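Remarks on the structure that follows.
Keep in mind that the numbers below use all heavy atoms, side chains included, and drop hydrogens, waters and symmetry copies. Everything numeric in this text was worked out from a predicted model, so none of it was measured. Just so you know, residue 1 is the first one in the sequence shown, and it goes up from there.
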Amino acid sequence: MNSVQADLDMALPLVEKAKKALDGLNIDDLRMLKALKTPPVDIDKTFTCVLNLLCRIDPNVPIDKNGKLKTENTWKTALSCMQNPQVLLDNLNSIKSKIDDESISPNNFKANRATLAEETFTPENLEKKSMACSGLCDFVINISMYYEVVVSVEPKKLAVAEAQQQLATANEKKRTVDELVARLNAELQILMDAFNKAMNEKETAMREAEKCEKKLGLA
C-alpha cells in the first residue's frame with residue numbers, strides 16, 4: 001500500500017504542471033492561431049495530440065467506431081474546437097478527473113506516444129512558433145505522464161485489494177476456528193466437571209462402603 005501511495009504522490013506534481021500549462025495559456029493567442037489557414041507542421045502536430053486527448057470528450061472531435069480520431073484535416077477539426085477557446089480549455093482541464101475515474105479511453109493516450117517520443121516535441125521548441133502551442137505541448141506531455149503513472153499503479157491497487165481480501169478471509173476463518181475451539185473447550189470443561197463430580201461421588205461412596213465393612217467386621 002505504501003508503494004501505491006508513493007507512486008500517486010509522485011504523479012501529483014505532473015498534474016500541477018499540466019494545470020499551470022493551461023492556466024498560462026492566453027486565449028488571445030489561441031484566437032490568433034485561428035487565422036492560420038495552413039499551420040506549421042509542429043503546430044498541427046500539437047493540435048493533433050490535443051484532438052486525440054479530446055476524443056469522446058469534445059463533440060467537435062470526430063471519431064471512428066473505436067473512439068479514435070477520424071478526420072482528414074486535423075487543422076480544420078482543431079479550428080472547430082477553438083471556436084470557443086474557454087470550452088477547449090475546460091475540456092482539457094476535465095481530463096485529469098476522467099483519468100482518475102477511469103472514464104477516458106486508453107486510445108486517447110496511445111495515439112500520442114509516437115509524437116511524445118520525438119525529441120523536437122518540447123515546449124521550448126514550440127515556443128518559437130506559438131506560445132499557445134508551447135503551453136498545449138507542456139500540458140500534453142505532463143497529463144500523459146500522469147496517465148502512465150496512474151495506469152502503472154492500477155495493478156498495484158488491485159494487488160493490495162486482493163491481499164486485503166485474503167487477509168479478511170483468513171481473519172474470518174481464524175475467528176470461526178477460535179469460536180469452535182472456545183465452544184469445544186467449554187463443552188470439554190462441562191464433561192470434565194461432570195467426570196470429576198462422578199469420581200468424587202464414587203470415592204465418597206467407596207469410603208462409606210469401607211466404613212460399613214469395618215463396622216460389620218467389628219460386630
Side-chain angles (χ1 to χ4, degrees), residues 3-22 25 30 33 39-82 87-127 129-130 132-161:
S3 174
V4 173
Q5 191 59 51
D7 287 344
L8 291 175
D9 289 344
M10 179 183 69
L12 292 178
L14 298 174
V15 176
E16 288 304 314
K17 287 188 69 176
K19 187 175 183 303
K20 285 181 180 179
L22 291 185
L25 288 181
L30 287 173
L33 286 172
V41 174
D42 287 341
I43 290 180
D44 185 60
K45 189 178 293 184
T46 300
F47 272 92
T48 298
C49 288
V50 169
L51 295 178
N52 283 327
L53 291 178
L54 292 176
C55 286
R56 287 181 172 164
I57 295 176
D58 189 333
N60 291 307
V61 179
I63 56 176
D64 62 17
K65 62 181 181 180
N66 296 314
K68 297 179 181 179
L69 178 64
K70 182 183 180 181
T71 178
E72 295 179 359
N73 188 326
T74 53
W75 185 243
K76 184 177 179 181
T77 301
L79 290 175
S80 297
C81 293
M82 285 190 285
V87 171
L88 171 63
L89 296 181
D90 290 343
N91 285 332
L92 290 174
N93 270 314
S94 75
I95 291 177
K96 190 266 181 186
S97 62
K98 295 182 184 301
I99 293 174
D100 293 341
D101 62 23
E102 301 177 14
S103 64
I104 192 168
S105 171
N107 291 329
N108 292 30
F109 296 92
K110 290 177 182 177
N112 288 337
R113 284 177 181 167
T115 300
L116 288 169
E118 295 178 9
E119 292 184 2
T120 56
F121 190 71
T122 64
E124 292 75 21
N125 183 47
L126 280 156
E127 191 174 314
K129 299 164 185 177
S130 164
C133 277
S134 174
L136 289 172
C137 173
D138 199 11
F139 171 80
V140 170
I141 290 171
N142 285 287
I143 202 66
S144 298
M145 289 173 65
Y146 176 73
Y147 171 79
E148 295 298 336
V149 171
V150 171
V151 168
S152 70
V153 164
E154 189 58 28
K156 295 182 181 179
K157 288 167 66 177
L158 293 175
V160 169

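Looking at Leu54 and Leu88, their side chains come closer than 4.5 Å, going by heavy atoms from C-beta outward. With contacts defined as side-chain heavy-atom distances shorter than 4.5 Å, the pair Val151/Tyr146 does not qualify. Residues Ile99 and Ile143 form a side-chain contact, since some pair of their non-hydrogen atoms from C-beta on lies under 4.5 Å apart.
Side chains of Tyr147 and Asn142: a donor-acceptor N/O pair is absent below 3.5 angstrom, by distance only. For the residue pair Asn52/Asn108, the side-chain donor-acceptor check at 3.5 Å is not satisfied. Between the side chains of Asp44 and Thr74, a donor-acceptor pair is found at a separation under 3.5 Å. If you check the side chains of Asp64 and Asn66, you find no donor sitting under 3.5 Å from an acceptor.
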| task | Show the numbers, then the answer: is there a side chain to side chain contact (heavy atoms under 4.5 Å, CB included) between Thr71 and Leu69? | result | CA-CA 6 Å; Thr71 178; Leu69 178 64; 3.9 Å; yes
| Should Lys45 and Glu118 be marked as a side chain to side chain contact (heavy atoms under 4.5 Å, CB included) after you check the CA-CA gap, both sets of side-chain angles, and the distance that decides it? | CA-CA 11 Å; Lys45 189 178 293 184; Glu118 295 178 9; 2.8 Å; yes
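Distance check, rounded to the nearest 0.5 Å: CG of Asn91 to CG of Asn93 gives 9.5 Å. With values rounded to the nearest 0.5 angstrom, Lys70 atom NZ is found 10.5 Å from Ile63 atom CD1. With rounding to the nearest 0.5 angstrom, the CD1 atom of Ile104 is 12.0 Å from the CD atom of Glu102. With rounding to the nearest 0.5 Å, the separation of CG in Leu53 from OG in Ser105 is 11.0 Å. Taken from NZ in Lys98 to CZ in Arg56, the straight-line distance is 12.0 Å, to the nearest 0.5 Å. In this structure, CG on Leu126 lies 6.0 Å from SG on Cys133, to the nearest 0.5 angstrom.
The pair Arg113-Glu148 meets the salt-bridge criterion, since a charged nitrogen lies less than 4.0 angstrom from a carboxylate oxygen.
Closest approach of Leu30 to Met82, counting heavy atoms only: O-SD, 3.9 Å. Closest non-hydrogen pair, Val61 versus Thr77, comes out as CA-CG2, 4.3 Å. Considering every non-hydrogen atom in both Ser130 and Leu33, the closest pair reads OG-CD2, 3.7 Å. Across all their heavy atoms, Cys81 and Asn60 have their closest contact at SG-CB, 4.0 Å. Residues Leu92 and Phe139 come closest through the heavy atom pair O-CZ, 3.3 Å. Contact record, Leu25 with Gly135: CD2-CA, 3.7 Å, taken as the closest heavy-atom pair.
Of the possible polar contacts, one joining the Ser80 side chain to the Lys76 backbone as a donor-acceptor pair under 3.5 Å is found. The backbone N or O of Phe121 sits nowhere less than 3.5 Å from a side-chain atom of Asn125 that would complete a donor-acceptor pair. No donor-acceptor distance shorter than 3.5 angstrom exists from the side chain of Asp138 to the backbone of Ala21, with no hydrogens or angles considered.
Ring orientation note: the planes of Trp75 and Phe47 are nearly perpendicular, at an angle over 60° on the 30°/60° scale.
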